[in-house]
Amino acid sequence: MKIKDIIKENQAIFSCEIFPPKSYMNIDKTKAVAKAICDLNPDFVSVTYGAGGGTSKQTVEIARYINDTGNTALAHLTCASSDRQEVGAAIEKLKSYGIENILALRGDILEENKDKPRDFTYASELVTEIKRHGDFCIGAACYPEGHVECESMEQDLNNLKTKVDCGVDFLTTQMFFDNTAFYSFMFRALKKGIHVPIIAGIMPMTNSAQIVRSCKLSGATLPTRFRRIADKFGDNPEAMKQAGIAYATEQIIDLIANGVKGIHLYTMNKPDVAQQIMSNLSFIVGADRICMK
Ligand code: FAD
């Protein structure tokens with residue numbers, strides 16, 4: 001099913017993200033994770049695409065597996081490290097497997113490849129390319145606190161508007177830990193004329209190493225309230241996990257109470273964390289979602 005139709009039919013949707021294994025040898029392990037996540041009955045499950053396209057085969061295989069379990073898959077696809085032919089082949093493969101939803105991304109550009117010529121410079125060009133290949137539902141990324149490379153939020157929003165106008169059906173945000181950053185972004189996006197549904201990306205921070213790494217990569221700000229939690233419980237894995245789950249739960253409740261269109265959980269391949277958050281929200285996102293399949 002196309003995600004844009006799922007969004008239309010529901011008040012607030014709930015989705016999960018998983019990443020594929022680096023090596024095809026470990027595909028069964030990730031399928032077990034995918035199965036456990038699908039058993040939570042989210043509205044869709046997205047599968048990331050390893051930086052540089054190294055996991056292309058695994059991404060497609062896991063997305064296909066998700067569709068086979070009766071869930072809806074969203075396959076991520078990046079373009080910065082691939083030429084037009086490789087990107088075209090990846091899209092055709094998704095089409096042949098019946099995968100209808102693609103998250104169109106540029107991907108990160110490695111320092112050593114910065115000046116190399118490439119077929120795709122921005123994700124907006126990938127959106128156009130996907131549309132050339134067929135009738136896909138296309139998602140794209142957005143950044144409530146601005147993309148790390150962009151000089152100003154204003155310019156980033158102008159670039160986002162260009163990308164959406166190329167044919168994006170919905171947006172998913174980078175992780176954020178302060179809901180006011182998201183509300184302010186929503187307001188500015190609307191003012192720019194961006195009217196596609198925006199799904200809020202939430203990352204439950206369950207260990208201290210992950211907190212440092214994720215914030216560095218994403219550029220997301222850690223509010224003082226969360227910093228205090230990390231300072232207090234960072235050395236105690238069980239306590240940090242519990243506090244991280246509670247913090248993400250509170251963020252989600254506030255977002256849903258304020259009418260957000262959807263929540264996307266960065267699960268980090270931890271079904272138990274996703275399960276606990278879903279149970280915390282059982283009467284909020286709908287009791288019938290938990291363990292229906
Ligand atoms: P773009 O939309 O192309 O934007 C990149 C930068 O270029 C921004 O600063 C933007 O303002 C600027 N820009 C855009 N258009 C123009 C223009 N016309 N002129 C000038 N500047 C412009 N990475 C992976 O490798 N694999 C994944 O699976 C993956 N999944 C992700 C999922 C989500 C929800 C998010 C938020 C990010 C994900 N990423 C993933 C990371 C993403 O690839 C990086 O953040 C990347 O640096 C930017 O990708 P983009 O698609 O947002 O790029």
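Any value given below was found using the heavy atoms of this structure, including those in side chains, with hydrogens, waters and symmetry copies removed. One-based numbering, in listed order, for ligands and for the atoms of each. Residues take their numbers from the sequence shown, with the count starting at 1.
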Looking only at heavy atoms of Gly107, does any of them come nearer than 4.0 Å to an atom of ligand 1?
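The answer is yes, since Gly107 has a heavy atom less than 4.0 Å from ligand 1.
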Euclidean distance, Asn207 CG relative to Lys241 NZ, rounded to 0.5 Å
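With rounding to 0.5 Å, NZ (Lys241) is 10.0 Å from CG (Asn207).
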So His147 and Tyr143, would you call those rings parallel, tilted or perpendicular, with 30° and 60° as cut-offs?
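It falls in the perpendicular class, over 60°.
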Close-contact set for ligand 1 against [X] heavy atoms, below 4.0 Å:
X      : value
Leu103 : 32 (C)
Asp156 : 8 (C), 9 (O), 10 (C), 11 (O)
Ala141 : 35 (C), 36 (C), 52 (O)
Thr78  : 24 (C), 25 (O), 26 (N)
Thr48  : 28 (O)

Specify the protein heavy atom at minimum distance from [atom]: its residue, its atom name, and the distance to 0.1 Å.
atom                    : answer
atom 47 (O) of ligand 1 : Asp108 OD1, 2.6 Å
atom 8 (C) of ligand 1  : His147 ND1, 3.2 Å
atom 34 (C) of ligand 1 : Tyr266 OH, 3.3 Å
atom 53 (O) of ligand 1 : Arg106 CB, 3.3 Å
atom 20 (C) of ligand 1 : Tyr122 OH, 3.2 Å

Tell me which part of [X] gets within contact of ligand 1: side chain, backbone, both or neither, using heavy atoms under 4.0 Å.
X      : answer
His76  : side chain
Lys163 : side chain
Leu105 : both
Thr162 : neither

For [Y], is there an ion pair with [X] - N to carboxylate O distance below 4.0 angstrom?
X      : Y      : value
Asp5   : Lys8   : yes
Lys163 : Glu125 : no
Arg227 : Asp231 : no
Asp83  : Arg118 : no

Quick check on atom 4 (O) of ligand 1 - does any protein heavy atom sit closer than 4.0 Å to it?
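For atom 4 (O) of ligand 1 the answer is no, since every protein heavy atom stays at 4.0 Å or beyond.
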Please report whether ligand 1 has a polar contact with Cys142, defined as an N or O pair separated by less than 3.5 Å (distance criterion only).
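Min N/O separation from ligand 1 is not below 3.5 Å for Cys142.
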Could you tell me which residues satisfy side chain to side chain contact (heavy atoms under 4.5 Å, CB included) with Asn179, sequence neighbours excluded, listed by chain and number?
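Checked Asn179 against side chain to side chain contact (heavy atoms under 4.5 Å, CB included); matches are Phe176, Tyr183, Gln251, Asp254, Leu255.
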Residue list, side chain to side chain contact (heavy atoms under 4.5 Å, CB included) with Glu129, at least two apart or on another chain:
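With neighbours one apart ignored, the set is Arg84, Val87, Ile91, Phe120, Arg132, His133.
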Between Phe19, Tyr143, Phe120, Tyr49, flag the one that comes closest to atom 45 (O) of ligand 1 by a heavy atom.
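Minimum heavy-atom distance to atom 45 (O) of ligand 1 goes to Tyr143.
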Nearest heavy atom to atom 12 (C) of ligand 1 wins, so pick from Asn159, Val47, Asn158.
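Comparing heavy atoms across Asn159, Val47, Asn158, the nearest one to atom 12 (C) of ligand 1 lies in Asn159.
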Check step by step if side-chain contact (heavy atoms from CB on, under 4.5 Å) holds for Ile18 and Ser46.
CA-CA 6 Å; Ile18 59 174; Ser46 83; over 6 Å; no
Can a cation-pi geometry be assigned to Arg64 and Tyr97, taking NZ or CZ under 6.0 Å from the six-membered ring centre and within 45° of the ring axis?
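Verdict for Tyr97: a cation-pi partner in Arg64.
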Met203 and Ser214, any side-chain heavy atoms less than 4.5 Å apart
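Contact flag for Ser214/Met203 side chains = yes.
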Within 6.0 angstrom of Glu92 CD, more than 12 heavy atoms from elsewhere
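Yes - once you tally the heavy atoms of other residues, nucleotides and ligands closer than 6.0 Å, there are more than 12.
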